[in-house]
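Please read the structure below before turning to the comments.
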There are 2 protein chains.
Amino acid sequence: MKAYKIPEATVMRLSIYSRYLHQLIDDGVKSVSSDEIAHGVGVSSAQVRKDLAYFGEFGTRGVGYKVEVLYGHLMKILGLDRRWCAIIIGAGKLGSALALYQGFAARGFNVGAILDASPDKIGTKLGEIEVEPLEMMAQRIEEKNITIGIVTVPASAAQEVTDKLIESGVKAILNFSPRVLKVPGNVILRNVDLSVNLEVLSFNLNYLK
Amino acid sequence: MKAYKIPEATVMRLSIYSRYLHQLIDDGVKSVSSDEIAHGVGVSSAQVRKDLAYFGEFGTRGVGYKVEVLYGHLMKILGLDRRWCAIIIGAGKLGSALALYQGFAARGFNVGAILDASPDKIGTKLGEIEVEPLEMMAQRIEEKNITIGIVTVPASAAQEVTDKLIESGVKAILNFSPRVLKVPGNVILRNVDLSVNLEVLSFNLNYLK
DNA sequence: TAATCATTGCTCAATGTTTCACAAAAGATT
DNA sequence: AATCTTTTGTGAAACATTGAGCAATGATTA
Ligand SMILES: NC(=O)c1ccc[n+]([C@@H]2O[C@H](COP(=O)([O-])OP(=O)(O)OC[C@H]3O[C@@H](n4cnc5c(N)ncnc54)[C@H](O)[C@@H]3O)[C@@H](O)[C@H]2O)c1
Ligand SMILES: NC(=O)c1ccc[n+]([C@@H]2O[C@H](COP(=O)([O-])OP(=O)(O)OC[C@H]3O[C@@H](n4cnc5c(N)ncnc54)[C@H](O)[C@@H]3O)[C@@H](O)[C@H]2O)c1
């Protein structure tokens, strides 16, 4: 429990900064200024410095930041200095795409189990992992120390599945269904609502001209 | 070209209100108060009224809103009283999932074309539509009146593909690649960054306790 | 027709976020 | 050792969003 409330926008930008720094490391760059980061990710340099200032002083005045040092701090701040295990519920089109995506593992996220209600899906393989029945939820969460639940079932099943995940001990939910979910205050919920994203585009296309 | 700047958060909520109202219509509900909407989607009633107030007066004091009337206004505000045509670039795991998703058509979005660079993908079918080579981009955008480009190629190809989309006349981009894209000021860009979403979860899991 | 009721729409206050601008600090130069 | 240059870190100002409270007002009831 920390003193400060960190704006969510700040956290999202930290994630993007960290990815940019990773690129710089790959490119062999040793040092970087807030202004270069700002240009690289499309924000202002003051914003970069303010975001970092929530967590400490990581740079050297007149010089900038050591890329690897700052990257290390950001990964630690983001909780990416460890591995997290997630469970995917719903092995449909979207759930499968997520399960097979390599990019998550590269950032410290493992998929520990994939569950589905349909006999058509149960027993099929997605990469290394076999789709299992819903009944395995509690056991898999327990034994694999799963903290994150990813919900990719139809909207009609989303709340029910979410309740079960929370009951089974999951602490955070990433919801892809177009449904407003109710979760207790101690569970972290994020919604990735693709329709909303498209509709923001159509609003802007419509409104701005 | 309107007087006001509408907060993006407001637009996203309007999309969610409209979906909730759609449910109410299905359930045969005729009238609704800001307080009921607020409970239904998890915001405050003041927020609901404030969001609507940007666009006019849609309710009756002492009574509430007529569900169908308000729904109609929201759909119009969101630009969903017409159809939009989109093109998907990258027929991989994510692009395929999006292409096959029925929910977009239900809200007025058609997928007019799906392109890929790989010979393995070109010629395969995703539902009704055949995956075509990148060279078809300009022609398809022109002839199908496509305004929205959906980018689901690897990060390394994302900027290049985006440049081509804009050159071919697309006015809005929905980017799923983990890359900060540069677009001209008259093009609308939204990023759906799934890794960032997971990392916000890990930050909160890590930080809040 | 007047009184009552419920709920909107709006004003103003509070809170939160971004930008500005500059003093402070560290390395480079003379 | 003094001066110059650069870029951080930050307090204050500007801007944006959310929340609280209530006057206005249409519908309902008496
Ligand atoms: N595919 C997309 O591009 C896309 C876009 C936007 C939103 N979404 C949302 O994501 C979710 C998944 O979409 P999809 O396209 O993968 O759908 P899908 O139909 O391909 O997959 C859904 C899967 O969930 C399983 N399922 C159904 N009820 C279940 C239950 N109670 N418990 C466990 N599994 C259950 C089904 O067997 C199926 O395998 C939906 O809510 C959808 O609205 C998807
Ligand atoms: N799948 C996921 O769950 C997921 C999650 C987060 C982010 N993403 C991002 O979404 C994007 C797509 O992911 P995916 O899992 O579908 O990858 P994928 O490898 O399955 O698909 C990528 C497709 O793009 C095609 N492609 C490559 N270069 C191209 C080019 N220049 N022009 C046209 N097509 C080209 C490839 O042939 C392939 O079919 C990536 O940027 C990825 O980082 C995906």
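A note on names: the letters A, B, ... follow the listed sequences, proteins ahead of strands, and every chain is numbered from 1. This one's a predicted model, so the numbers in the text were calculated from it and none came from an experiment.
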Pairs satisfying side chain to side chain donor-acceptor pair (under 3.5 Å), at least one member in residues 78-106 of chain B, at least two apart: B:R83-B:N110
For nucleotides 13-22 of chain D, 5' to 3', base contacts (B), sugar-phosphate-only contacts (S) and non-contacts (-) with protein non-hydrogen atoms under 4.0 Å give ----SBB-B-
side-chain hydrogen bond (donor to acceptor under 3.5 Å, both in side chains) with B:S44: which residues, sequence neighbours excluded? none
What residues, two or more places apart in sequence or in another chain, satisfy side chain to side chain contact (heavy atoms under 4.5 Å, CB included) together with A:R61? none
Distance-only donor-acceptor hits, side chain of residues 72-79 of chain A, under 3.5 Å, sequence neighbours excluded:
none

Filter on side chain to side chain donor-acceptor pair (under 3.5 Å), then keep only pairs touching residues 25-35 of chain A, sequence neighbours left out; what's left? A:S33-A:E36, A:S34-A:R49
Give the table of side-chain donor-acceptor pairs shorter than 3.5 Å for residues 144-155 of chain A, with sequence neighbours excluded, one pair per line with atom names and distance.
residue : atom : partner : partner atom : Å
A:K144  : NZ   : A:G112  : O            : 3.1
A:T152  : OG1  : A:I89   : O            : 3.0
A:T152  : OG1  : A:G90   : O            : 2.7

Result block: side-chain N/O donor-acceptor pairs under 3.5 angstrom for residues 171-200 of chain A, not counting sequence neighbours:
residue : atom : partner : partner atom : Å
A:N175  : OD1  : A:S177  : N            : 2.9
A:N175  : OD1  : A:S177  : OG           : 2.9
A:N175  : ND2  : A:S177  : O            : 3.2
A:N175  : ND2  : A:R179  : O            : 3.2
A:N175  : ND2  : A:N191  : OD1          : 2.8
A:R190  : NE   : B:N197  : OD1          : 2.9
A:R190  : NH1  : A:E8    : OE1          : 3.3
A:R190  : NH1  : A:E8    : OE2          : 3.0
A:R190  : NH2  : B:N197  : OD1          : 3.1
A:D193  : OD1  : A:S195  : N            : 3.4
A:D193  : OD1  : A:V196  : N            : 3.3
A:D193  : OD1  : B:R19   : NH1          : 3.0
A:D193  : OD2  : B:R19   : NH1          : 3.1
A:D193  : OD2  : B:R19   : NH2          : 2.5
A:N197  : OD1  : B:R190  : NE           : 2.9
A:N197  : OD1  : B:R190  : NH2          : 3.1
A:N197  : ND2  : A:D193  : O            : 3.0
A:E199  : OE1  : B:S15   : OG           : 2.7
A:E199  : OE1  : B:R107  : NH2          : 3.0
A:E199  : OE2  : B:R107  : NE           : 2.6
A:E199  : OE2  : B:R107  : NH2          : 3.3

In Å, rounded to the nearest 0.5 Å, how long is the span from CG of A:L115 to CG of A:L134? 6.0 Å
Sequence neighbours excluded, the answer for salt bridge (Lys or Arg N to Asp or Glu O under 4.0 Å) partners of B:R13 is B:D51
Residues that A:E167 engages under salt bridge (Lys or Arg N to Asp or Glu O under 4.0 Å), provided they are two or more places apart: none
Can you list, in residue-number order, the parts of residues 23-41 of chain B that come under 4.0 Å of DNA chain D, counting heavy atoms only? none
Each nucleotide N or O in nucleotides 24-30 of chain C that has a protein N or O under 3.5 Å away: list the pair and distance.
residue : atom : partner : partner atom : Å
C:dA24  : N3   : A:R61   : NH1          : 3.2

